[in-house]
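Atoms within a ligand are numbered from 1 in the order they appear, just like the ligands themselves. Atom set for the values below is all heavy atoms of this structure, side chains included, hydrogens, waters and symmetry mates excluded.
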Amino acid sequence: MIIKTKQDEILPYLEDTSNFKDGSAEKVFIPQDEKEVFDVIDYAVKNKLPLTISAAGTGTVAGRIPKEGIVISTEKLNKIIDIDTKNKTAVLQSGVVVYNFLNEIKKFSLFYPPFPTEKGAFIGGNVATNASGEYSFRFGPTRKYVKRIKMILTTGEILEVKRGEVFEKDGILDYGKFKINLPSYRTPEVKCSAGYYIKDSMDIIDLLIGSEGTLGVITEVEVFLIDELPERFIML
Ligand SMILES: Cc1cc2nc3c(=O)[nH]c(=O)nc-3n(C[C@H](O)[C@H](O)[C@H](O)COP(=O)(O)OP(=O)(O)OC[C@H]3O[C@@H](n4cnc5c(N)ncnc54)[C@H](O)[C@@H]3O)c2cc1C
């Protein structure tokens, strides 16, 4: 685990592309594996410290900028765990840089359409913001491509959810040991990033997508891929 305590080392974690200026943190923790993610969460809980999750910092709404407490950065959770060319899926740690991922799957003639224009973002940041980009007009946003999420909660428990297993019924998402009472509003059909995604009969995985680091630390995601698109060129 890398721990940064000097203010000049912490400064880069107090900004993203929002121009928000009032960030502040005591320490930045950079875990190298899930056990160390647990340790950071445990430290924050025991010391009653606010914990802000940081990915690449390309966000535009200051979601990764702490006001106080400590930061956990996913930058060392950067392994592409598996690329399943037969089933067209990939398993990634949340700190994988989108640019690197796109290059890696290109070797297998595969493509991941919903990446944002800023390819320096991390896949975990994309899932936490439900990013969409230039290909989303045709292929849809990140939400559509997330098959499984592994998230570590502030209780230290692991929430591992696969798409298609738990759905909303009577205002509740029943994950067995967690029963989540959903708020009464419903996310509109038009593109909307405000609040948690809440729909009738929704899949529990969609509550985590776009939750902006408020529910837990995403450590791993499994995503759907498509075949590489044909080369395009534009003549003016
Ligand atoms: C030039 C430019 C172009 C852009 N184009 C687009 C675009 O086309 N479409 C688009 O949607 N966005 C775009 N963005 C915004 C940004 O790139 C996306 O929001 C991106 O998904 C953020 O990823 P990140 O890794 O930088 O996350 P960060 O900015 O580091 O974090 C974003 C949020 O996600 C949370 N988070 C990050 N990782 C995790 C994790 N592992 N677990 C839980 N929560 C986590 C953070 O706490 C924070 O709330 C653009 C930004 C720039 C600068």
Look at [atom] and say which protein heavy atom is nearest, naming residue and atom and giving the distance to 0.1 Å.
atom: atom 37 (C) of ligand 1; result: A55 CB, 3.5 Å
atom: atom 19 (O) of ligand 1; result: T129 OG1, 3.5 Å
atom: atom 29 (O) of ligand 1; result: G59 N, 2.8 Å
atom: atom 41 (N) of ligand 1; result: I218 O, 2.9 Å

Indicate yes or no: does an N/O atom of [X] lie under 3.5 Å from an N/O atom of ligand 1?
X: A131; result: no
X: A121; result: no
X: A128; result: no
X: F122; result: yes
X: V217; result: no
X: N126; result: yes

Margin query: Suppose I only count heavy atoms of T74 and a 4.0 Å limit; which atoms of ligand 1 are within that range?
Written below: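 Once the distances to T74 are compared, the set is 41 (N).
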
Next item on the list: May I ask you to list the atoms of ligand 1 that are less than 4.0 angstrom from any heavy atom of G63?
Entry: 47 (O), 48 (C), 49 (O)

Next item on the list: Would you sort out whether L92 and E222 count as a side chain to side chain contact (heavy atoms under 4.5 Å, CB included), showing the intermediate values?
Entry: CA-CA 6 Å; L92 316 164; E222 183 171 356; over 6 Å; no

Margin query: Quick check against the 3.5 Å criterion: does E118 have a side-chain atom that pairs as donor or acceptor with the backbone of G120?
Written below: yes

Next item on the list: Any chance you could lay out the side chain to side chain contact (heavy atoms under 4.5 Å, CB included) test for I72 and V37, step after step, and finish with the verdict?
Entry: CA-CA 8 Å; I72 181 168; V37 174; 4.0 Å; yes

Between [options], which one has a non-hydrogen atom sitting closest to [atom]?
atom: atom 28 (P) of ligand 1; options: G216, G57, G95, A62; result: G57
atom: atom 33 (C) of ligand 1; options: E212, K150, E118; result: E212
atom: atom 26 (O) of ligand 1; options: T58, I72, T142, V37; result: T58
atom: atom 11 (O) of ligand 1; options: S54, S132, P116; result: S132
atom: atom 46 (C) of ligand 1; options: I53, T52, V97, T60; result: I53

For ligand 1, the portion of [X] having any non-hydrogen atom under 4.0 Å away:
X: S94; result: side chain
X: T17; result: side chain
X: D16; result: neither
X: T117; result: both

Check: Which value, rounded to the nearest 0.5 Å, describes the distance between I149 atom CD1 and K162 atom NZ?
Finding: 13.5 Å

Pair [X] + [Y]: basic N to acidic O under 4.0 Å:
X: D206; Y: R143; answer: yes
X: K88; Y: D84; answer: no
X: R64; Y: E212; answer: no

Item checked: Passing candidate, side chain to side chain contact (heavy atoms under 4.5 Å, CB included) with F29, options V71, I41, I70 -> I70

Note to self: Are L159 and I123 linked, directly or through intermediate hydrophobic residues, by side-chain heavy-atom contacts shorter than 4.5 Å (ILVMFWY only)?
What the structure shows: yes

Check: Does the gap between the ring centers of F115 and Y135 come in under 6.0 Å?
Finding: yes

Item checked: Residues K27 and Y43: side-chain donor-acceptor under 3.5 angstrom ->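 There is such a pair between these side chains.
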
Notebook entry, point to check: Y13 and T52: side-chain donor and acceptor closer than 3.5 Å?
Noted result: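 Short answer, no.
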
